[in-house]
Amino acid sequence: MTTLASGTDTLTRDALTVLQPGFPGTTAPDWLLRRLGEGLASVGLFGRNIASPDQLSSLTAQLRSERDDVLVAIDEEGGDVTRLEARTGSSFPGNHALGAVDDVNLTREVAHELGRRLAECGVNLNWAPSADVNSNPSNPVIGVRSFGADPELVARHTAAYVTGLQSAGVAACTKHFPGHGDTAVDSHHALPRIDADSPVLERRELLPFRAAIAAGSRAVMSAHILVPTLDPDRPATLSLSILTDLLRGRLGYDGLIVTDGMEMQAIAATYGIERGSVLAIAAGADAICVGGGLADDETVRRLRDALVGAVRSGELPEQRLAEAAERVRGLAQWTASGAAASTPDEGSASRASRASRASTAEVTRVDIGLVAARRALTVTGADDFTPLTEPPYVALLTPVANIAVGDETPWGVAAELAHRLPGTETAGFAGEDAGGVVLKAAGTRRIVVVVRDEHRHPWMAATLDTLLAARPDTVVVEMGVPQAPPRGALHIATHGAARVCGHAAAEVIAGT
């Protein structure tokens, strides 16, 4: 049963209601339960909070024992960005793989199954999908998280993903508005800038968000990016012109607006999280995401007090804060009511979903992700390739992981190859001298080299040059965005580094 501390005034409750904090550990700490009793309405989960589906179910039940309508949010994109399976790698390919297949029914089915698993564990808000058009191949933070570089493709798959996820009772949060694809800077580290003019923004960045809104996306997440054409002074998260005039006004969106993580350096290093949170709510945001890095009661208290103080000083209109809190409660009511799939196109979406299930009737729910990963493979050189029968040496060329992906989730093909070819060995390599080191470590064994965004890393391309010159029978597996020309005795582009992508690639390499 929902409880509210009798001594908590309306203003303070509203300030707590708009926060979406994280916390450490796999059980809810006492301070978090206390804040739920005082008015906190949302909690964000990350990989550190999840050990197993049963544990996650127990955790969400613990949260609901304090507040039955709590929004439990997670950053579960599938593919490279997984929290549900952070320790093993995802059972679902990510957006880029789904875009490579370009079957909207498949995308809808994958999103529905992912949503079903989240809902089973008590999660009802997913900070996904990414609707960013990856128009800049050098983008360091989006990449395979995007459905692709074609705005129309991204738009139709974003809509399918929203429909599939919400048909499972989990609210979608389409991100990162107004579009993070044309950036060369990671907003976790600094403030990116997009210098596109209005016509380009309209036909490229905004098209997928229009599709998401038409599909009924219950939430939209703002981007910490500067878009001078839309607002020359403030990043989107803090911009009245972008969140209120554009998203609410021109695009007609009336759902929940959530900020990206406020502790990201694009905001924290320029405005600070307290000032940034006040500006975000004033600009039109309804919920403040914080907790990926800062995950303690002190952070909640600081942000609550900053919002309350801003209202009392007249900087933040009390009605704006109350409106934001009401939108949070409204989304909580939607998730609790079982009103999923109440999209404008419910009938046709349901028919398409049923048709897709019928067309893959032999596919069980647990392997729809593998089916998608297999279909996403682009294989070059297969006609002249003889599958391996002896255990190879797998060289993992490891770039620095971006913060969204993290470095705790395993990736590659070595584990899957070891199941098929016992004795397979593997190691990670990086740096200008990696090629020679790999050759020495591999000895006479067949080499399988796994790369991630070869086109973005000169040292990686140079390593491949060295390996292929000395060992032209080397197999190359690209698990990032396949921008570089395919090369090697066999080249497999998986369009993502999820566990199932590695599984699908290993099947080709070992012929099983």
Side-chain angles (χ1 to χ4, degrees), residues 1-5 8 10 13-23 27-28 32-45 49-50 53-76 83-84 111-128 161-174 212 215-221 253-258 285-289 291 322-344 346 349-350:
M1 194 67 183
T2 301
T3 59
L4 288 174
T8 307
T10 299
R13 285 201 303 272
D14 285 350
L16 284 169
T17 296
V18 303
L19 302 181
Q20 293 189 344
F23 61 94
T27 59
L32 183 66
L33 298 175
R34 184 176 70 253
R35 295 301 185 194
L36 287 171
E38 294 171 353
L40 186 69
S42 307
V43 174
L45 301 181
N49 304 122
I50 301 169
D54 287 344
Q55 170 270 324
L56 178 55
S57 296
S58 297
L59 171 58
T60 57
Q62 182 188 17
L63 296 172
R64 290 198 169 86
S65 69
E66 189 61 47
R67 179 167 186 147
D68 54 11
D69 65 345
V70 64
L71 284 171
V72 181
I74 196 169
D75 194 8
E76 180 58 57
R83 312 307 178 206
L84 198 60
H112 175 84
E113 176 59 16
L114 178 58
R116 187 191 66 80
R117 294 192 191 184
L118 291 173
E120 265 190 354
C121 296
V123 177
N124 54 12
L125 171 60
N126 191 8
W127 293 318
Y161 198 105
V162 166
T163 301
L165 188 65
Q166 294 188 166
S167 71
V170 176
C173 182
T174 306
S217 185
R218 291 283 158 176
V220 167
M221 178 176 282
Y253 177 67
D254 63 1
L256 190 77
I257 299 177
V258 184
D286 304 305
I288 301 296
C289 175
E323 176 188 62
E326 189 55 35
R327 279 208 183 90
V328 175
R329 297 182 192 112
L331 181 58
Q333 290 169 6
W334 179 85
T335 61
S337 70
S342 57
T343 65
E346 179 180 8
S350 298

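Everything quoted here is computed from the prediction, not taken from an experiment. As a basis for the values below, the full set of heavy atoms in this structure was taken, side chains included, without hydrogen atoms, waters or symmetry mates.
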Do the side chain of [X] and the main chain of [Y] share a donor and acceptor less than 3.5 angstrom apart?
{"X": "Gln166", "Y": "Gly216", "value": "yes"}
{"X": "Asp286", "Y": "Ile257", "value": "yes"}
{"X": "Arg67", "Y": "Gly39", "value": "yes"}

Looking at [X] and [Y], what are the two nearest heavy atoms and their distance?
{"X": "Leu19", "Y": "Ala15", "value": "CG-O, 3.4 Å"}
{"X": "Glu76", "Y": "Tyr161", "value": "O-OH, 4.2 Å"}
{"X": "Leu36", "Y": "Leu40", "value": "CD2-O, 3.3 Å"}
{"X": "Ala128", "Y": "Leu165", "value": "O-CD2, 4.0 Å"}
{"X": "Glu66", "Y": "Leu33", "value": "CG-O, 3.2 Å"}
{"X": "Val70", "Y": "Arg64", "value": "O-NH2, 3.4 Å"}

For this session: Would you check, one step at a time, whether the test side-chain contact (heavy atoms from CB on, under 4.5 Å) holds for Asn49 with Phe23?
Result: CA-CA 8 Å; Asn49 304 122; Phe23 61 94; 3.5 Å; yes
With sequence neighbours excluded, tell me which residues meet side chain to side chain contact (heavy atoms under 4.5 Å, CB included) with [X].
{"X": "Ala287", "result": "Gln20, Leu256, Val258, Val328"}
{"X": "Gln55", "result": "Thr26, Ile50, Ala51, Ser52, Leu59"}
{"X": "Ala332", "result": "Asp69, Leu71"}

State, yes or no, whether a side-chain contact exists between [X] and [Y] at a heavy-atom distance under 4.5 Å.
{"X": "Val72", "Y": "Leu125", "result": "no"}
{"X": "Cys121", "Y": "Thr60", "result": "no"}
{"X": "Trp334", "Y": "Asn124", "result": "no"}

Problem set entry | side-chain contact (heavy atoms from CB on, under 4.5 Å) partner of Val123, chosen from Val43, Leu118, Thr335 | Leu118
Exercise. Sequence neighbours excluded, which residues qualify as salt bridge (charged side-chain N to carboxylate O under 4.0 Å, His left out) partners of Arg34?
Worked result: Asp297
Problem set entry | Partner set under side-chain hydrogen bond (donor to acceptor under 3.5 Å, both in side chains) for Glu323, not counting sequence neighbours |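 Partners of Glu323 under the side-chain hydrogen bond (donor to acceptor under 3.5 Å, both in side chains) test: Arg320.
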Exercise. In chain order, what residues pass the side-chain hydrogen bond (donor to acceptor under 3.5 Å, both in side chains) check against Ser42, with sequence neighbours excluded?
Worked result: none
Problem set entry | SB check Arg329 Asp14 (cutoff 4.0 Å) | yes
Problem set entry | Short N-O contact, Arg117 and Glu120, less than 4.0 angstrom | no
For this session: Could you walk me through whether Asp75 and Leu45 pass the side-chain contact (heavy atoms from CB on, under 4.5 Å) test, one step at a time?
Result: CA-CA 7 Å; Asp75 194 8; Leu45 301 181; over 6 Å; no
